[in-house]
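In what follows, every heavy atom counts, from backbone to side chain, and hydrogens, waters and symmetry copies are set aside. Index from 1, following the sequence.
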Amino acid sequence: MGRPRPDQPHGWVSGPGRPAETAPDVAVPAAVPAATVDSWRVVRRTAARLGARHVSRLGALRAWSTRRRGGLVDAAVVLLYLAAAGHVTSGLWLHRDRMTNAGNDMILFEWMLARAARAVTHLENPFYSTALNAPDGINLMANTSVLGLGVPLTPVTLLLGSQHSYLLAVVLSLAGTATAWYLFLSRRLVRSRLGAAVSGLFCGFAPGMISQATGHLHMIAQFLVPAILAVVFDRRTDRVLRRGVLLGVLVGYQVFLGEEVLAFLVLACGVFTVGYAVSAPRNARRLAPAFLGRLGVGTGVGVVLLAYPLWFQFFGPGHYRGLPFDPKAYPLDLASFTAASRQSITGHESVPGMLSPNLTEENSFFGLALIVLCAVVAIWLWRRPLVRALVLCVLIFAALSLGENLRLGGEVLDLPGPYRLVSGVPLIDLAVPARFPLICVPALAILLALSFDEVFRRGAADGRTGDVAAAGGGAVPVPGAGVAGGRVPIRLLWTGAVVAVLLPLAPTPLHTRPVWPVPDFVANGEWRSYVPPGRTLVAVPPTRGSEGTAGMYWSARTGLDFTAPGGYFIGPTGPDDPQARWGAPDRPTAILLDRVAATGEVPSIGDVERRQAIEDLRHWRAAIVVQGGLHRGVPVKETLDQLLGPGRDISGAWVWDVRALVD
């Protein structure tokens, strides 16, 4: 304990080991009795505690204020994403009598959502159904059943129907993917929330995502991808077991959203890991044990969770081998990377049709400006191993999307494509080349987010100096310079540049087309008095090949109340041939009626055709044949009258009761 010297009118009382200059500002009069010094010590300590408590409370208040502002920003970003998703699907929300141009795919996913709801409410096998493709049924695990969406959306499906459930699934998939990437970027990679928000918007609403949203629900449900990446590439080396278990659970759930997205994610992680390890070998060696440990635990957990579903997919009833189409037939044109897609505000109908396989596969339409901007960012930040690995992913998967033979402007060039090098590799040989650019979308978005982070960091540092550089005898703006002096801050310049590049890619509402409504005879349940248990309702024309028929559409919109033959799915060619094909094997009557619907020409019908029709109806276990709204419906009705006898007009549908013919 020290005592003030007599020559100091106001001294400091310092405790043991604490310098006097850091003591609280409590003055002790000179020449006080020694007995009173202890009292002043109590005062000093009390003041210190009060000051520390004040500082602590002030820090907590500031932290709370920061978190609150951050929460408000996060909420605003999510609302922006939801508004964007609502805009994209607005044509379907406002016009319930329309479907996307990829009508078959929309019918498929509506049916899958309705089927998931029925599996939940009736406790049925979620991996198999006999409600379609009577009498054989469908292996749903071997098709895109999106159980990861259908099961949680069961209340919506039951209350509002499959159409609303489908539209909500699209909105949640697009906005959810954007939100997940925003959270991943803002929490793990960058400090700039603006950069994370812009990049998340691109991840969720890039031209490829909007193209897939036309009909491929399983391809846009990517909201678990950032979470999986956050666990796989976690820089922390502790809690390997816990994070490995979480990885296995996330991967297991992603399987029930879309296995193709998971396959792409595995390929992307492999390429990225190699690129990062080569760029930063020392850091990679340090992280490798925990990285491999998480992968090992995650794989084990995933195997346990997915053992039965995967067995059912590959060996259960209705399983198949291969694909019903050749993936190599779906490449992209080299010119597509700089073109505008049909569903962007700068797009049009003619050019994209020559550069991509179809409307749902316009995955590479990034535009020249974005490619140049990302190239500049890559060169600027090339010193970072993360950037090098991202660029490697972009280059490899963009090149693979070009297929076995390069195309330019719709013309096939006499140049082999990079896809030839890997077309026989397992997993890759089942992937559609045109979808590889979907891997490039988040890679480009991360580059944009990193650029925002770098610009904002440098802008903050330079803004403290306010320096102005001279070039050519005149003053030029310097990063961080203020607006007041007639100079524009680089933050604003860079944000404007990115917005100018991305704005032409902004999506328009999904293209739609009118669809015939479900006939009242089916919608109000009048069919029930004609169809006994174990029998089917055959919609006209019956299914064949890859067509999404009216029967599947009516089944989805009525909650799978009746059983129908055929459908739009992938199944085996036959009981003894597991080779994949679209739908059930074609029946002669289905081919006949489909040709009539397509041409409008009524064929000559004789006893041979009538006997074949009865045989096909017996195979389908038909009770009634129903024709609803149909282009060239009169020729189809006349053909059916000749095959089955006169039909009856009941509640907006032509109905043929064939029970007497089939029994």
Side-chain angles (χ1 to χ4, degrees), residues 100-106 108-109 142-144 206-220 222 258-268 320-339 341-343 347 349-366 394 396-413 415-441 511 545-548 568-570 579-583:
T100 64
N101 285 343
N104 283 2
D105 292 317
M106 184 171 174
L108 167 68
F109 286 108
N143 285 269
T144 51
M209 291 291 287
I210 302 304
S211 177
Q212 294 294 326
T214 302
H216 297 158
L217 191 55
H218 64 301
M219 295 302 300
I220 62 173
Q222 299 182 21
E259 294 181 52
E260 192 169 352
V261 169
L262 181 60
F264 282 167
L265 180 58
V266 171
L267 293 174
Y320 57 85
R321 296 287 181 267
L323 292 173
F325 59 91
D326 184 5
K328 302 183 187 67
Y330 293 86
L332 290 169
D333 194 292
L334 185 60
S336 66
F337 286 88
T338 59
S341 70
R342 273 176 277 201
Q343 298 193 141
E349 291 292 334
S350 58
V351 174
M354 300 187 300
L355 307 181
S356 66
N358 53 54
L359 179 66
T360 62
E361 302 298 347
E362 295 177 8
N363 305 311
S364 57
F365 291 72
F366 299 122
V394 171
I396 286 180
F397 292 110
L400 291 179
S401 71
L402 301 176
E404 292 190 326
N405 296 287
L406 297 184
R407 292 168 171 79
L408 182 62
E411 299 292 333
V412 179
L413 305 179
L415 293 172
Y419 186 77
R420 288 191 180 189
L421 301 176
V422 296
S423 60
V425 177
L427 189 63
I428 295 180
D429 61 342
L430 298 177
V432 176
R435 294 180 181 174
F436 281 124
L438 293 175
I439 300 175
C440 302
V441 170
H511 295 178
S546 61
E547 297 174 356
Y568 179 45
F569 64 98
I570 302 177
Q579 177 58 40
R581 63 156 287 138
W582 289 113

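Applying the side-chain hydrogen bond (donor to acceptor under 3.5 Å, both in side chains) criterion to Asn405, with sequence neighbours excluded, gives Arg420.
Side-chain contact check for Ser364 and Ser336: at least one donor-acceptor pair (N or O, by modelled atom type) lies under 3.5 Å. Using a 3.5 Å distance cut-off with no hydrogens or angles, the side chains of Gln212 and Glu361 do pair a donor with an acceptor. A donor-acceptor contact closer than 3.5 angstrom links the side chains of Asp105 and Tyr568.
Two residues are said to be in side-chain contact when any heavy atoms from C-beta on lie closer than 4.5 Å; Pro331 and Val432 fail this criterion. Using a 4.5 Å cut-off on side-chain heavy atoms (C-beta onward), Phe436 and Ile396 make no contact. Two residues are said to be in side-chain contact when any heavy atoms from C-beta on lie closer than 4.5 Å; Leu402 and Arg407 fail this criterion. Using a 4.5 Å cut-off on side-chain heavy atoms (C-beta onward), Leu323 and Leu430 make contact. Residues Tyr330 and Asn358 are in side-chain contact: their nearest non-hydrogen atoms beyond the backbone lie under 4.5 Å apart. With contacts defined as side-chain heavy-atom distances shorter than 4.5 Å, the pair Arg342/Leu359 qualifies. Residues Pro418 and Leu406 have side chains in contact (heavy-atom distance under 4.5 Å, counting atoms from C-beta outward). Contact annotation: the side chain of Ile428 approaches that of Leu267 to within less than 4.5 Å [non-hydrogen atoms, C-beta and beyond].
Put simply, CD on Glu404 and OG on Ser423 are 5.0 Å apart, with the number rounded to the nearest 0.5 Å. With values rounded to the nearest 0.5 angstrom, Phe569 atom CZ is found 8.0 Å from Arg581 atom CZ. A distance of 11.5 Å separates CG of Asn363 from CD1 of Ile210, quoted to the nearest 0.5 Å. Note that the CZ atom of Phe365 and the OG atom of Ser356 stand 4.5 Å from one another [nearest 0.5 Å]. Rounding to the nearest 0.5 Å gives a distance of 10.0 Å between CE of Met219 and OG1 of Thr360. Distance check: Met354 CE to Leu408 CG gives 10.5 Å after rounding to the nearest 0.5 Å.
Annotation for Thr214 and Thr100: closest pair O-OG1, 2.7 Å, computed over non-hydrogen atoms. Residues Ser401 and Pro437 come closest through the heavy atom pair CB-CD, 3.4 Å. Of all heavy-atom pairs between Tyr320 and Ala580, the closest is CD1-CB, 3.4 Å. What you find for Trp582 and Ile570 is that their closest heavy atoms are CZ3-CG1, 3.5 Å. Nearest approach of Arg435 to Glu260, heavy atoms of both residues: NH1-OE1, 2.7 Å. When all heavy atoms are compared, the tightest approach of Cys440 to Val394 is SG-O, 3.6 Å.
Judged purely by atom type and a 3.5 angstrom limit, Asp333 uses its side chain to pair as donor or acceptor with the backbone of Gly409. Gln343 contributes a side-chain N or O that, together with a main-chain N or O of His511, makes up a donor-acceptor pair within less than 3.5 Å.
Under the 30°/60° scheme for interplanar angles, the aromatic rings of Phe109 and His218 are found to lie parallel.
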